[in-house]
Amino acid sequence: MKGQAFRTISLEATHRMKEKYDPRTIETEWQAFWEKTDLFKVSEDPSREKYYLLEMFPYPSGKIHMGHVRNYTIGDVVARYKRMRGFNVLHPMGWDAFGMPAENAAIANNTHPAQWTYDNIDAMRTQLKRLGFSYDWDREIATCRPEYYRWEQWLFIKMYEKGMAYRKESFVNWCETCQTVLANEQVEAGMCWRCGKPVRQKKLRQWFFRITDYAEDLLAYCDRLEGWPEKVTTMQKNWIGRSTGAEIHFPVENRDEAITVFTTRQDTVFGAAFMCLAPEHPLVTTLSHGTQQEAAVADFIDRMALSDRSSRAVEEYEKEGVFTGGYCINPMNGRRMPVYTANFALMEYGTGAVMSVPAHDQRDFEFARKYHLEIVVVVQPPNEELDPTTMTEAYAGDGTMVNSGAFNGLHNREAMEAIAGRMEKKGVGKKTVNYRLRDWGISRQRYWGAPIPMVHCKDCGIVPAAEADLPILLPEDAELLEGGKSPLPSLEAFIQTTCPGCGRPARRETDTMDTFVESSWYFDRYCSPRRHDAMFDKEAVDYWMPVDQYIGGVEHAILHLLYSRYFTRVLNELGLIDCKEPFTRLLTQGMVCKETVACPAHGFLFPEEIQESGEDRLCRKCGDQVTVGRVEKMSKSKKNVIDPNVLLDRYGADTTRLFCLFAAPPERDLEWSEQGVEGGHRFLNRVWRLFNAWEEAVREVSPSDGKGLPSEVKGLYRKTHGTIKKVTNDIEERFHFNTAISAVMELVNGMNAVETNAAAPENASRETAAVMKLAMETTVKLLSPMVPHFAEELWRATGHEGSVLLTSWPDYDEAALKTDEILIVVQVNGKLRGRFTIDADADQSAVKQRALEDDQVWKFIDGKAIKKVIVVKNKLVNIVV
RNA sequence: GCCUGGGUGGCGGAACAGGUAGACGCAAGGGACUUAAAAUCCCUUAUGGCUUAGUCCAUGUACGGGUUCAAUUCCCGUCCCAGGUACCA
């Protein structure tokens, strides 16, 4: 605090709370107070233990949605909790500000992407502030600012120099009409999502990051990420897709070259009867050239280029192919194998060539049957004899080798090793490891992104921009073009430059970077966001990193998280940071869902388009009955959205936060419920009234230490300590805020019962008031991370100065949890038959005795022989008869 | 197809290490307060049964088996739902 009393918040301890809970007033007052007193500002302090809490930063689309509210509420609770636990907590926020929607919006509204983006950021920042999140706003970053992407360009150059960034030709989804590259998810059934015209596979020179160099390391560390959900590490492992096998070279007939394949089943090489190449494979055209097949092959390649990857991958896609006219030779047995090109062979996996073993691979089997190709059995299963003429499906299991020359009789698993060894000796192949993971293509033919800082020079080739020229600014005066084509290649003022090598005129690279690049290091930048002469302040980044707890949607399980892990390794190797894994613990929160409502005439309806009339729900546009559909993730297209602003206006931030936390545990989907929000609001009101009633009575007393308790409040004292324990565990170990809140609700119910059962506040004994005070202060502290404004106000009401956030989290006294008497339940043959209470220190035989004497129990054991009696300490007795 | 999750009252969800199934909240019904309504407070609420309406009995955590004194929890099999992934050679 800066010494001066803040205007609207009275700092006096005698400040009286208002009769009525008015969230809007207290929330704006406390937000202003926090800001004025710099409460959330942090700096490195080596004497204190740090805690870096991060939520995935949002794309500035214009409005916060409920998914954000949930994500950031969860994060804020943890941040505030850790802070009360004494940690030096870094909790920053910023904007993932480059990307396509800004360009689309700019075209649609005739604004500039920068203008649109910055306006959105302002709007969303205001919303986040209204929710009372404890961000250190001084660290805010927007990735579209030159101060940010300058360092991304700098890093790109470092990576280029180290060979980690390179350029190569690859296939992309290309829309001719829009003159642009489309991401896979922008291709709908083979058509451009924007103009509806067919999408082609086009070869383009593109920039790549060599993430595959780290495939093994990224995979190996998956098992060490103990704080990550297994679901996510499993998805990453599958994505990396390591498989062991062999690389085999099949010489091409009459040519001095070979087709190299990757296979995991080198044991079946003697059964390889034909070869399948991806349509994009360079040999396909070469082999068919001058043969009768030439026209058919060309036609097939054309047709395949038209179908994008996702539609090629649709279910039950018919396997088809065309003979290329060429042959290759099986290096192990000299078999002449026809070379086909087939739609199921993928250029981007392995070598783009498949040795086809129809007897032992289902896909090859179907292909062979369709085109009447040879089927050779080389692995015989243990209990049956395979006959190639009558087989109805491939046999992919293990067995004994046949038709395989010197390897006949071996078990196929042994043969794998033996054949690999033999191939290596002959120089026709070797054991190898293959990954599904591809290098990361980062080129985008887009305007609204970070320019790739490279220069094309006629004489020197491709050279990095000079460090002194950074940042390579994205020109602001660009005119956005209908259709999405990047204006950069036609902006002469941008393109023309001089070569940093020879000084002669040269041209700038016009590709911009994939926006996943920005989000792969923003968490490092938060550590020293204003540093202008370096990417990061090494000391700061080594103090704060790695992120202790990262929170976000599971939809980023693969790309964002994998790229961030990769970048951390790169930065580590370049000596810029010490850590190797960026996120120690990861929480993936569930989606926010709501029922969909549709009208037969008008389709999906927004909640405000629905009229409630008695039991009926009607469409406001036409008055017809609406139909209620499935509960689905809130989305604009389904119109099942709730605008957080409406909630903030109606209930305030604390109720909104409380509902998000209470309705479901964080990792599960949350189903929206208007009544649930009401319920949360009612709870806060109930607490408010309780505090109002007791405010005077507890003002002068100190919280009870548990000594000399009147019997009517003994239970409440114990409950208070029990609640601290429960809430602490729920937050600390599981982030189960829903059960934490339930526990506080129970405590509040307990406090209410004091008034009904024991004493009205005005004639409560001093001891009773002392226990009440303890319970009240505990309630405030336990609730403060979740409903911070509300808690601040009540903290004042219990006679304290300053912010409750600056106090420490309450401890519980294990001794206070002990009860004099405990409840024992009695079972007969495992069925509940009775219960009794007994002194907590009673020994087991006494407990057993009591159980056997119980009237209720006796009814069930009378006349039967007791076989066994099991006594579980402090819990139950089970009598087996 | 494969890989993850998940299936518990009218609903959201609890039961953390096999030990009282249904915490807490919502909704519903009844009652109190009020001229009235809202708000608030109290009571009831898994299903079925009843000779003793009870500290009662039976059934019950998707379904079928199993292990155990005891299973929502562990094991085997089946069904359904959600998410991810997919011709990966």
Side-chain angles (χ1 to χ4, degrees), chain A residues 229-232 234-235 237-239 241 243 245 261-265 268 272 276 278 310 312-319 342-346 348-357 361-364 366-367 434-436 554-555 557-558 590-591 593 630-633 659 662-665 667-680 682-683 685-686 689 726 729-730 733-734 736 738-746 748-749 752 756 823-836 854-856 859 867-870 872-881:
Chain A
E230 208 183 300
K231 171 165 85 156
V232 176
T234 307
M235 280 163 77
K237 283 189 218 167
N238 292 340
W239 186 262
S243 51
V261 304
F262 169 76
T263 180
T264 54
R265 291 295 304 271
T268 63
C276 286
S310 39
R312 251 214 244 176
V314 293
E315 211 173 342
E316 293 180 34
Y317 196 83
E318 177 77 18
K319 286 154 193 55
N343 59 347
F344 63 79
L346 307 172
E348 59 277 356
Y349 184 77
T351 60
V354 184
M355 79 173 196
S356 293
V357 186
D361 181 288
Q362 185 58 24
R363 196 189 39 193
D364 298 344
E366 286 168 32
F367 195 85
N434 189 54
Y435 299 91
R436 207 188 78 110
V554 74
E555 63 272 19
I558 298 176
M591 301 181 294
C593 302
R630 307 192 326 159
V631 173
E632 292 190 69
K633 178 184 177 169
F659 172 72
F662 184 60
E667 68 279 2
R668 245 203 269 184
D669 286 351
L670 180 154
E671 194 186 331
W672 174 259
S673 150
E674 181 73 32
Q675 288 93 342
V677 183
E678 284 282 354
R682 266 206 295 271
F683 168 67
N685 270 301
R686 210 153 54 229
R689 282 195 302 275
K726 167 106 181 110
N729 284 344
D730 283 348
E733 279 157 34
R734 313 192 298 164
H736 277 204
N738 57 333
T739 50
I741 293 167
S742 294
V744 179
M745 284 174 167
E746 286 187 54
V748 170
N749 291 346
N752 272 321
T756 355
L823 180 72
I824 300 287
V825 297
V826 189
Q827 297 178 333
V828 178
N829 286 349
K831 283 189 180 163
L832 178 68
R833 296 301 185 192
R835 62 191 75 192
F836 60 86
D854 193 282
D855 286 352
Q856 282 297 328
K859 285 199 293 195
K867 279 199 205 154
K868 200 177 185 185
V869 178
I870 291 143
V872 180
K873 200 168 174 254
N874 294 349
K875 277 223 172 99
L876 63 72
V877 179
N878 190 11
I879 301 160
V880 188
V881 296

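Reminder, nothing fancy here: chain letters follow the sequence lines and each chain counts from 1.
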Trainee: Do nucleotides 2-7 of chain B as a string where each nucleotide becomes B, S or -: B if the base has a protein heavy atom under 4.0 Å, S if just the sugar-phosphate does, - if no protein is that close.
Mentor: -SS---

Trainee: Look at all strands and tell whether Val354(A) reaches a base, only sugar-phosphate, or nothing, counting heavy atoms closer than 4.0 Å.
Mentor: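 Base contact.
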
Trainee: Do Arg265(A) and Asp361(A) make a side-chain contact, defined as non-hydrogen atoms from C-beta onward lying under 4.5 Å apart?
Mentor: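 In short, these two side chains do not touch, never coming nearer than 4.5 Å.
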
Trainee: If the test is side-chain contact (heavy atoms from CB on, under 4.5 Å), which one of Val828(A), Val825(A), Val869(A) qualifies with Val877(A)?
Mentor: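 Result for side-chain contact (heavy atoms from CB on, under 4.5 Å) with Val877(A): Val869(A).
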
Trainee: Looking at the side chain of Asn878(A), which of A70(B), G12(B), C87(B) is the nearest nucleotide?
Mentor: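 Looking only at heavy atoms from C-beta outward on Asn878(A), the closest nucleotide is A70(B).
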
Trainee: Could you state the atom-to-atom distance from NZ of Lys633(A) to P of G83(B) in whole Å?
Mentor: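 Computing the Lys633(A):NZ to G83(B):P distance gives 11 Å.
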
Trainee: On a whole-Å scale, what distance lies between the P atoms belonging to C69(B) and G64(B)?
Mentor: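 It comes out at 23 Å once rounded to the nearest Å.
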
Trainee: Apply side chain to side chain contact (heavy atoms under 4.5 Å, CB included) to the pair Thr739(A) and Arg734(A), showing each step before the final yes or no.
Mentor: CA-CA 10 Å; Thr739(A) 50; Arg734(A) 313 192 298 164; 4.0 Å; yes

Trainee: Please state the P separation for the pair U59(B) and A70(B) - nearest whole angstrom.
Mentor: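 Nearest-Å result for U59(B) against A70(B) at atom P: 15 Å.
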
Trainee: Which heavy atom in Met745(A) sits nearest to a heavy atom in Phe683(A), and how many Å separate them?
Mentor: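 Between these two residues, the closest heavy atoms are CG-CE1, 3.4 Å.
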
Trainee: Take the protein atom CZ of Arg833(A) and the nucleotide atom P of A70(B), then report the distance between them rounded to whole Å.
Mentor: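 After rounding, the reported distance stands at 14 Å.
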
Trainee: Expressed as a whole number of Å, how far does the P atom of A71(B) sit from that of G65(B)?
Mentor: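 Looking at atom P only, A71(B) and G65(B) are 14 Å apart.
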
Trainee: Rounded to the nearest angstrom, tell me the gap between atom CG in Asp361(A) and atom C1' in C88(B).
Mentor: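 Going from CG in Asp361(A) over to C1' in C88(B) covers 11 Å.
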
Trainee: Minimum heavy-atom separation for Phe659(A) and Ser673(A), please, with both atom names.
Mentor: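 The answer is CZ-N, 3.6 Å.
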
Trainee: Should G84(B) be called syn or anti, with syn set as within 90° of 0?
Mentor: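 That one's anti.
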
Trainee: Is the NZ atom of Lys875(A) crowded by more than 12 outside heavy atoms at less than 6.0 Å?
Mentor: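 Atom NZ in Lys875(A) is not packed in, count stays at 12 or less.
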
Trainee: Between C26(B) and A62(B), how many Å separate the two C1' atoms, rounded to a whole number?
Mentor: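 That atom pair is separated by 24 Å.
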
Trainee: So what's the dot-bracket for RNA chain B: Watson-Crick or G-U pairs under 3.5 Å, [ ] if a pair crosses, | if it pairs off-strand?
Mentor: (((((((..(((......[....))).(((((.......))))).(((((...).))))..(((((..]....))))))))))))....

Trainee: Is it the case that the side chain of Asn434(A) and the backbone of Ser243(A) share a donor-acceptor pair, with hydrogens and angles ignored and the cut-off at 3.5 Å?
Mentor: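 Side chain of Asn434(A) to backbone of Ser243(A), a donor-acceptor pair under 3.5 Å: no, none is there.
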
Trainee: Under 3.5 Å, is there an N or O donor on one side and an acceptor on the other linking the side chain of Arg363(A) and the base of A89(B)?
Mentor: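 Result: at least one qualifying N/O pair found.
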
Trainee: Roughly how many Å apart are A37(B) and U47(B), using the P atom of each and rounding to a whole number?
Mentor: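 Each nucleotide's P atom is 29 Å from the other's.
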
Trainee: Quick check: closest heavy atoms across Cys276(A) and Phe344(A), and the distance to 0.1 Å?
Mentor: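 The answer is SG-CZ, 3.8 Å.
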
Trainee: Just the rounded figure in Å: distance from C1' of A15(B) to NZ of Lys875(A).
Mentor: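 Going from Lys875(A) (NZ) to A15(B) (C1'), I get 11 Å.
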
Trainee: Pick the P atom in A82(B) and in C24(B), then give their distance to the nearest Å.
Mentor: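 These two P atoms come out 33 Å apart once rounded.
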
Trainee: Nearest whole Å is fine: how far is C16(B) C1' from Asp730(A) CG?
Mentor: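 Rounded to the whole Å, the gap is 8 Å.
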
Trainee: Please classify the nucleic acid contact of Lys726(A) as base, sugar-phosphate, or nothing, using heavy-atom distances under 4.0 Å.
Mentor: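 Counting heavy atoms under 4.0 Å across all strands, the contact made by Lys726(A) includes a base.
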
Trainee: Any idea which of A89(B), G13(B), U59(B) is nearest the Lys831(A) side chain?
Mentor: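 Nucleotide nearest to Lys831(A)'s side chain: U59(B).
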
Trainee: Figure out the CE/P separation between Met355(A) and C88(B), and round it to whole Å.
Mentor: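 In whole Å, C88(B) P and Met355(A) CE are 14 Å from each other.
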
Trainee: I'd like to know whether CD of Glu230(A) has more than 12 heavy-atom contacts from other residues, nucleotides or ligands below 6.0 angstrom.
Mentor: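 No, because the 6.0 Å sphere around CD of Glu230(A) holds 12 heavy atoms or fewer from other groups.
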
Trainee: Map Val554(A) and Leu823(A) onto RNA chain B by nearest heavy atom, then report which one ends up closer to the 5' terminus.
Mentor: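 Upstream on the strand: Leu823(A).
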
Trainee: Do Asn829(A) and Val880(A) have side chains that approach each other closer than 4.5 Å (heavy atoms only, starting at C-beta)?
Mentor: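 A side-chain contact exists here, since the closest heavy-atom pair is under 4.5 Å.
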
Trainee: Specify the residue among Met235(A) and Tyr435(A) whose closest nucleotide of RNA chain B lies further upstream toward the 5′ end.
Mentor: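 Between the two, 5'-proximity favours Met235(A).
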
Trainee: Identify whether any heavy atom of Ile879(A) sits under 4.0 Å from a base atom; if not, whether one sits that close to sugar-phosphate; answer base, sugar-phosphate or nothing.
Mentor: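 The answer is nothing, as Ile879(A) stays clear of every strand by at least 4.0 Å.
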
Trainee: If you measure from the P atom in C43(B) to the same atom in A53(B), how many Å do you get, rounded?
Mentor: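 Going atom to atom, P in each nucleotide, I get 24 Å.
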
Trainee: Take atom P in A23(B) and the same atom in U78(B), then report the distance between them in whole Å.
Mentor: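 A23(B) and U78(B) have their P atoms separated by 35 Å.
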
Trainee: Please evaluate the base of C69(B) for a donor-acceptor partner in the side chain of Lys868(A) within a cut-off of under 3.5 Å?
Mentor: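 No.
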
Trainee: How many whole angstroms separate atom CD1 of Ile558(A) from atom P of U85(B)?
Mentor: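 Ile558(A) atom CD1 is separated from U85(B) atom P by 6 Å.
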
Trainee: Tell me the closest heavy-atom pair linking Leu670(A) and Ala664(A), and the distance in Å.
Mentor: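 Nearest heavy atoms, Leu670(A) then Ala664(A): CA-CB, 4.3 Å.
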
Trainee: Of the candidate nucleotides C69(B), G12(B), A89(B), which contains the atom at the shortest distance from the side chain of Glu671(A)?
Mentor: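 Nearest to the side-chain atoms of Glu671(A), counting from C-beta on, is G12(B).
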
Trainee: Walk along nucleotides 21-32 of chain B from 5' to 3' and tag each nucleotide B, S or - by protein heavy-atom contact under 4.0 Å, base first, then sugar-phosphate.
Mentor: --BBSSS-----

Trainee: Just checking Pro665(A): base, sugar-phosphate only, or nothing, at a heavy-atom cut-off of under 4.0 Å?
Mentor: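 Sugar-phosphate, no base atom in range.
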
Trainee: Base, sugar-phosphate or nothing for Asn685(A)? Non-hydrogen atoms, less than 4.0 Å.
Mentor: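 Here Asn685(A) touches no strand at all.
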
Trainee: To the nearest Å, how far apart are Glu667(A) CD and G83(B) P?
Mentor: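 After rounding, the reported distance stands at 18 Å.
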
Trainee: If you check every side-chain atom of Phe262(A), which of C16(B), G19(B), A89(B) has the closest atom?
Mentor: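 For Phe262(A), the side-chain atoms sit closest to A89(B).
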
Trainee: So do the side chains of Arg363(A) and Val354(A) get within less than 4.5 Å of each other, counting heavy atoms only?
Mentor: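 Yes, their side chains come closer than 4.5 Å.
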
Trainee: Which heavy-atom pair separates Met355(A) from Val261(A) by the least distance, and what is that distance?
Mentor: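 Met355(A) and Val261(A) have their closest heavy atoms at N-CG1, 3.8 Å.
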
Trainee: Would you say Arg436(A) and Glu348(A) make side-chain contact, with heavy atoms under 4.5 Å?
Mentor: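 They are not in side-chain contact.
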
